[in-house]
Every structure is written in C-alpha cells, then in structure tokens.
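Just so we're on the same page: letters track the sequence lines, and every chain starts at 1.
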Amino acid sequence: MNNLRFLITQSHSNGSQACKGIHHCALEEDLLHKHLSMGEVELARKVFDEIPQPSVFLWNAMIRAYSWKGPFHRAIKLYYDMLNSGVKPNKFTFPFVLKACSSLLALEEGEEIHEYVRRIGLESDLFVSTALIDMYMKCGCLDESCAVFDGMPNRDVVSWNAMIAGFALHGMYEDTIGYVLEMQNAGTRPNRSTVVTLLPVVGQAKALTQGRSIHGYCVRRYFDEDDILVGTALLDMYMKCTSLVYACRIFGKMSSKNEVTWSAMIGGYVLCDRMMDALEVFDQMMLEGSSKPASSSLASALRACAKLADLNGGKTLHNYSIKFGFLSDITIGNSLLSMYAKIGSIGDAVKYLDEMEFKDTVSYSAIISGYVQNGNAKEAFAIFKSMLSNVEPDVATMVGIIPACSHLSALQHGKLNHGLAIIHGLASDVSVSNALIDMYMKCGRIDHGREVFDRMSKRDVVSWNTMIAGYGTHGRGKEAISLFLNMQAECIVPDDITFICLLSACSHSGLVTEGKHWFHAMTLNYRIKPRMEHYICLVDLLGRGGYLDEAREYIRRMPFEPDVRVWGALLGACRIHKNIELGEEVSQMIGKLGPEGTGNFVLLSNIYSAAGRFNEAAQVRIMQRDKGFMKSPGCSWIEIKGNIHAFIGGDRTHPQSQKIYGKLQELLVEIKKLGYRPDTSFVLHDMDDEEKEHALLYHSEKLAIAFAILSSSNDKPIFVTKNLRVCGDCHGAIKLITLVSKRVIVVRDASRFHHFSDGMCNCRDFW
DNA sequence: ATAGGGTTAG
C-alpha cells in the first residue's frame, strides 16, 4: 500500500493521469505546498494531517518547514511520527531534522539520528555529514564534529564552513583560523559565508592584522563593502579592534545600511569609549533609518548615556523605548535600569525595577552594582538579600556584591559571600576569585587573599594586578615587585594598570630607585605609554621620597598638561616635607585649574598650619567654605561580630559611648606617660589650644580603636577603616596605644594600610 | 553581521 502511494505521487508529479481518489490527494498536496510557500506552516500542517498516508516528500516538506523557523520540537516529533508510520526517511530528511536538533541543542535526539544514519550507510553523504557537524558543534561536542569531518570522503565549502562556524561559536580563535588555512590548502576557496563567520572571531580576538588581510581577501574576491553582510561584519571587526578609522571608512562607503549595520556602529563607538559619537550615530539613524531602530542600538545608546552620566539623554531614550514598544524587552529594561543606576539616579532605577514585570539576575545585579558604584554598600546588601529569594545569583552578581564588602572592610559579609559563591558553584570563576582576593586584602587579611590567589587554576592580568595592589597598600613593596616578576614568568603580560599598581606599591614602601626604574622600563621594554595616572604615581613616589624638585621637573616635562590630581600629589609631598614655597606655587597652579575636590584645600592649609602660619591656614579654609567645598567628615568604622560600628569625630551617639570615652581617657593618660603630646598642627580651625586638643583627642579613629579594645578579645588584631587619611596626631597616638594595650592595630585609610605594633607603623611615617 | 549586569589603580 505504501509503495503504491509512493508510485502514485511520483506519477502525479510527473504529470500522468490520475483517477478520482488520487486526484483528491493531489489537490491537497498542492494546497499544502501553496501554504508552505506562503510561510503558513500551521495551515499546511492541517492539510498534512488530513492526508492518509503522506509520502516521504511530504514528510520532508513539513519537517523542513518546522526546522526552518520552528517550533523546532515539532520537526523532531514529526520525524519520529514518520518512522513510526513506517515511512523510511531519505537523505534529505536528516539535514532538516538535524537542524532542528541543533537549534534545540537536542543532543540525545541528534545522537540517535546519527546512529540511524550510520546503520543505513548514509553517514558519508555530504549533506548529512555537514548537518551532523553543525549539530554536534552547536551542542558543544567538538570531538564528534571533528570525527564526522575526518570521516568525510569529500568536502565542499559548506562542510568546511560548518567546522569554521563551530569553532567560531566557541570563540576558539586558533582553531577557527587553522581550519580556514587548512581549507585553502585543500584547494577550497573561502566564500562570503566563511568570511562572515570568521570576522566576529577575529574581532573578539582583536586580531587586527588578520582582520586586515581578510579585508584584503574580500576586496580581491569582489565581495567587499558594498555587500551588506560582509560590510557590516568588517565594520564590526574593525570596531572590536578599536580601529575607528577603518570602521568609519567602511561605514561611509556602504550604500545601504540595515539595522545591524547601525547597531554595530553605535555599539562599536561605545566600545571605543566614544560616547558622543555613538549618540550622534544614533540620532543619525533615527533620521535616516527607514524603520524602527534595533533594540541593540537602543541598548548601546543607553550605555553611552550611562557612561556620560547624561540623564536627560537617557530619559529621551526611555521615551523612545516606550514609543517603539521595547519595554517588554528585558534587555532594554535592564539597560534602562542600569543607566539610571550608573548615573546615580538610584531612585529612578529602583522605581523602574519595581515596575518591571519580569526581573532576572541581570536586573538585580544592575541595581546592586549601581548602589556599590555610588558608595551605598548597605543598600546593595539589602537588594542582594531580596534577590536571593527570587532569582539565582551568577558570576556578575557576585562580582558586583563582593566589592561592597571590600568598601566597608566587612570581613564577615565577605566570608558569607565567599561561601555563597562556593554554594552556587561560582567560586572557581576567575573574576569572582579576583573580587574575593581584593576583598580579603581590603579587609586586611593578606593571607586569605593569597590563599585564594594560590588556589586559582587560572589567573588573568586582573588577578595579578589585584595582588600587586594589595601587597602595595599593605606596605609590602618588595613582595609586590616579586609578584610582578612572577607574573611574567607565568607569561601574563602586564598592562597599564599593572604599572599603576606597581608604582604605587613602590611609593608606599619608599622604593624610589625601583619605582623610577620600572617607570622607565614601562615605556622602553613594555611599550606602554605613561598616562596621567602613571605620572601621578611617579610624582607621589619622588615627592614622598623627598625628591620634590625632580618630581616638579617630571611634571614640567610631561607630554600633556598637568591636571589637578598630579599637582595634588606634589602638594601632598610638600606637606610631608614642609616645603611651603613650592606648596604655595603648586596651590596657585591648582587654583588656575578651577574647581577641584576638597583634599587640596586641606593639604594647603595643613602646610601652613604645620609651619605655624595659622592665619593663612584659616584663610584657606575660609576660601574653601566660600567656594562651597565642604570637607567630608572623617569617619571610622569597625566590624564586630558581623555588625558595623561607625564613628565620626566627637561622636556620642553610640549606645556604649560612655564606656568608649572612658576607655579612651584611660588610654590617653597612659600614652601621655610615654610622651604623647597632642600635635595641634593637624587642627585647622582658628580655635584656642584647649579646643584644638579636644578636637584631636576624639578623632573618629581613636573612638573606633577604643571601642575595639573594649569589645574584642585581647589576642586578636584590631582592624579599623577610615574614609579619609589618618591624621598625624592619631598616627602617633596609635603607635603608643599598641604599647599600652599590647594589641596589634591595623588601620586602612583612604590611601593605604597602617600596620601598628610594638610602638611602630610599617608605613614608616611616610604616608 | 548587532545588544543588557562585573573584578584591578588613582
């Protein structure tokens, strides 16, 4: 019966005569094909279901329709229905059903089909093998793909492309390129598809040289910029390689642009840190582009606004999102959320989060990082907690929340999150480990940080930078340098940030010669052009070491105009070495550069008051006040049993305030016996001596330490964190407190760690 | 062919 129908359909399609019943079926078949050609898959399906015993051609047509646009599981289901109905699939069936398998990542079904194909001896068919390669590649079975490919008696450009696309999909740059070369050696010419699949990998690897030679190949083969696919892929590749000039040239030459082209251009500008240009292209697209923008363009434009802190621009884009109906797109929702959060408009961000119908891990993570970046770690913890009852945290969530612990020096929170990372299987991630290292280092636990670092199976440049910076801020410069040497022994190439970490490490440890050496080696041996940040470190290093004139000379010879920060570094050195003359000159330079932070006012008035010129010190403070710069109050805090206790100077709000002041009195009496005299030069206000002394005696760090001595056991070191730099008077007092209390005290201030013990500090009084 | 949240420094 089956065979009969087979013959009948065959004969019909050959235009032979048809009897009445058969004619009925033939009409249905025509209808089915008509529906399919119109893309009306469901209507075609209805017709198909009415046909009593469809031929293999009809089965194939239906499976093909589903495997083309989905729903893919229907394609697979139909394939099994076909087998069950006794119809044997032919060599055209397998590529269709395998495509459905690869779209669904249905490996088990794919393997079963492979087995079947092998049994009926179709494995070496060109089309079937290629489909198998594609399926295995998408399902992540690279070895199986290779096995099928190696077993092919002959290959065409499509089979090579399947291998190339597979490796490209997994971001395996070397293998992708390798197969292209092999393909050419085997005499197969790469076609447009090859190039279009190859270019994103090249871009990802930032392999500009290879990208340019592929561009050359495109031009030689006449599929260059005018082809929208090739043109867009080339443009995107150049953007990923931050080769703006080439990208723009192609963009300008392209006679037709589609939404992907625009989107690649906008995203590319964002990647290259050219936010204004990104927004300009976005506006251009809104004018020239025929249809509604791609959501990806909108997402990139939102990122640009976030980076520019352009709230108005962001709100305009928000309106566009509403107008074009993008709000149900979670990517756009999250981009909006993140834009508000990054700009610091946290209220808007939280409001938006509450309104979101579907929130995912990204939504929460965006808010968490927004809070952390805006210095509100406590709120970040609150959101994180509410997140845990709704969605799973992932790598980015942990990388967002762990720095909150670092900021607060909240070790208990940090350990909790370390545990959470382990539970969720995220602790082995490089970025999570990096964040953990930083957290332990900033909480004063060098050994814990080191342990995380040592246990990592893979380390990237950030891991090393974090360690170098960590050792640096703890005043262990020699170890920082030795890490720097070790990283190169392990073939990790130092970047510009590595040198910032290294130079500041030298500076904190007074390693002037070493620091100067590495500063010069950076340009000569590592081909890294020093940025302003490197000069700041160098000036700091020389200045601290007392080489003020040399530091001044480096600023003079910088290839760009000095900014407030680099002058600020020199001003700090003037304070340490009490050089009023240079200090005044530097202040004038800073004054010319316009508004700046409060730190420099404080430094200058410190210089004056250290020299006993209190009137001038007061003048500076008045000027600061008149210009509207408020000094942020000094604040110190300490974590005891997972709770954070914060103090500001003269604070009496703590429940145990009475006892704390009592303890502090006691300590002051003791250290005065050891020779402590309040150093009033650190007090800037025009008050009388008694007041000055009072202001000093109850600085926030002293209160925090007194509290810590009261509330923690004797054998444990005390860890205090301060938002500003520790003042000189407190620094001296704490040294003596270690003697009378027999405690080790570690203070993390705005610039480094001070390890106090036995009457000394490891910063050697140069901070 | 394009697109959302992330770690290091100052």
Side-chain angles (χ1 to χ4, degrees), chain A residues 192-193 195-200 203 227-237 239-240 258-268 270-271 293-303 306 326 329-339 341-342 360-370 372-373 393-403 406 429-439 441-442 460-470 472-473 495-505 507 531-537 539-540 563 565-566 568-569 750-751:
Chain A
R192 276 178 61 225
S193 288
V195 167
V196 172
T197 30
L198 184 58
L199 283 169
D227 180 306
I228 198 158
L229 254 76
V230 176
T232 304
L234 279 171
L235 181 159
D236 180 58
M237 178 276 295
M239 275 299 196
K240 298 267 155 68
N258 65 13
E259 53 174 46
V260 184
T261 319
W262 288 106
S263 174
M265 199 64 190
I266 297 166
V270 172
L271 190 84
S295 64
S296 45
S297 311
L298 205 54
S300 295
L302 279 166
R303 243 187 116 167
F326 279 129
D329 182 334
I330 196 153
T331 300
I332 293 298
N334 288 336
S335 300
L336 277 164
L337 194 63
S338 164
M339 181 271 296
K342 277 198 188 122
D360 62 4
T361 306
V362 178
S363 326
Y364 285 100
S365 305
I367 291 275
I368 290 169
S369 337
V372 176
Q373 282 158 17
D394 66 4
V395 164
T397 319
M398 297 316 292
V399 173
I401 193 72
I402 293 169
S406 318
D429 179 87
V430 178
S431 301
V432 172
S433 300
N434 293 344
L436 285 170
I437 295 172
D438 185 56
M439 182 275 291
M441 289 298 205
K442 292 219 169 100
D460 63 7
V461 66
V462 178
S463 325
W464 290 94
N465 290 353
T466 309
M467 285 299 287
I468 293 171
T473 52
D495 63 8
D496 51 339
I497 294 173
T498 312
F499 282 95
I500 295 174
C501 302
L502 182 66
L503 292 172
S504 78
S507 174
R531 284 191 282 126
M532 186 66 83
E533 281 79 0
H534 297 101
Y535 278 98
I536 294 170
C537 292
V539 167
D540 188 70
D563 71 354
R565 296 169 304 163
V566 75
S751 88

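T397(A) comes within 4.0 angstrom of a base, heavy atoms only. Using a 4.0 Å heavy-atom distance criterion, S295(A) is classed as a base contact. Contact annotation for D460(A): no contact, since no heavy-atom pair falls under 4.0 Å across all strands. In this structure, S365(A) reaches the bases: a heavy-atom distance under 4.0 Å links it to at least one base atom across the strands shown. Residue contacts for T361(A): at a heavy-atom cut-off of 4.0 Å it reaches a base atom on one of the strands shown.
A search for salt bridge (Lys or Arg N to Asp or Glu O under 4.0 Å) contacts involving D495(A) returns nothing, not counting sequence neighbours. Remark: R192(A) pairs with D227(A) by the side chain to side chain donor-acceptor pair (under 3.5 Å) rule, at least two apart or across chains.
Side-chain N/O atoms of Q373(A) include one lying less than 4.0 angstrom from OP1 or OP2 on dG6(B). Under 4.0 angstrom from either OP1 or OP2 of dG5(B) there lies at least one side-chain N or O belonging to R303(A). When the side-chain nitrogen and oxygen atoms of K442(A) are compared with OP1 and OP2 of dA9(B), one or more of them lie within a distance under 4.0 Å.
Checked by distance alone, T466(A) brings no side-chain donor or acceptor within 3.5 Å of a matching partner on the base of dT8(B). Counting distance only, with no hydrogens placed and no angle test, the side-chain atoms of D496(A) and the base atoms of dA9(B) include no donor-acceptor pair under 3.5 Å. Looking at D540(A), its side chain has no donor and acceptor atom pair within 3.5 Å of the base of dG10(B). Under 3.5 Å, the side chain of S504(A) and the base of dG10(B) form no donor-acceptor pair of N or O atoms.
Closest to the side chain of C501(A), from the set dG5(B), dA9(B), dG6(B), is dA9(B). Across dT2(B), dG5(B), dT7(B), the shortest atom-to-atom separation from the side chain of P200(A) is found for dT2(B). Checking dA1(B), dA9(B), dG5(B) against the side-chain heavy atoms of A233(A) singles out dA1(B) as nearest. Each of dG5(B), dG6(B), dG10(B) was ranked by its minimum atom distance to the side chain of V399(A); first place goes to dG6(B). Among the nucleotides dT7(B), dA1(B), dT8(B), the one closest to the side chain of A469(A) is dT8(B). Of the candidates dT7(B), dG5(B), dT2(B), dT7(B) carries the atom nearest the N434(A) side chain, counting heavy atoms from C-beta on. Closest to the side chain of E533(A), from the set dG5(B), dG10(B), dA1(B), is dG10(B). Side-chain proximity of K240(A) to dT8(B), dT2(B), dG10(B): nearest is dT2(B).
Distance, D429(A) CG to dG6(B) P: 15 Å, rounded to whole Å.
In this structure the side chain of P403(A) never reaches within 4.5 angstrom of the side chain of D438(A), judged on heavy atoms.
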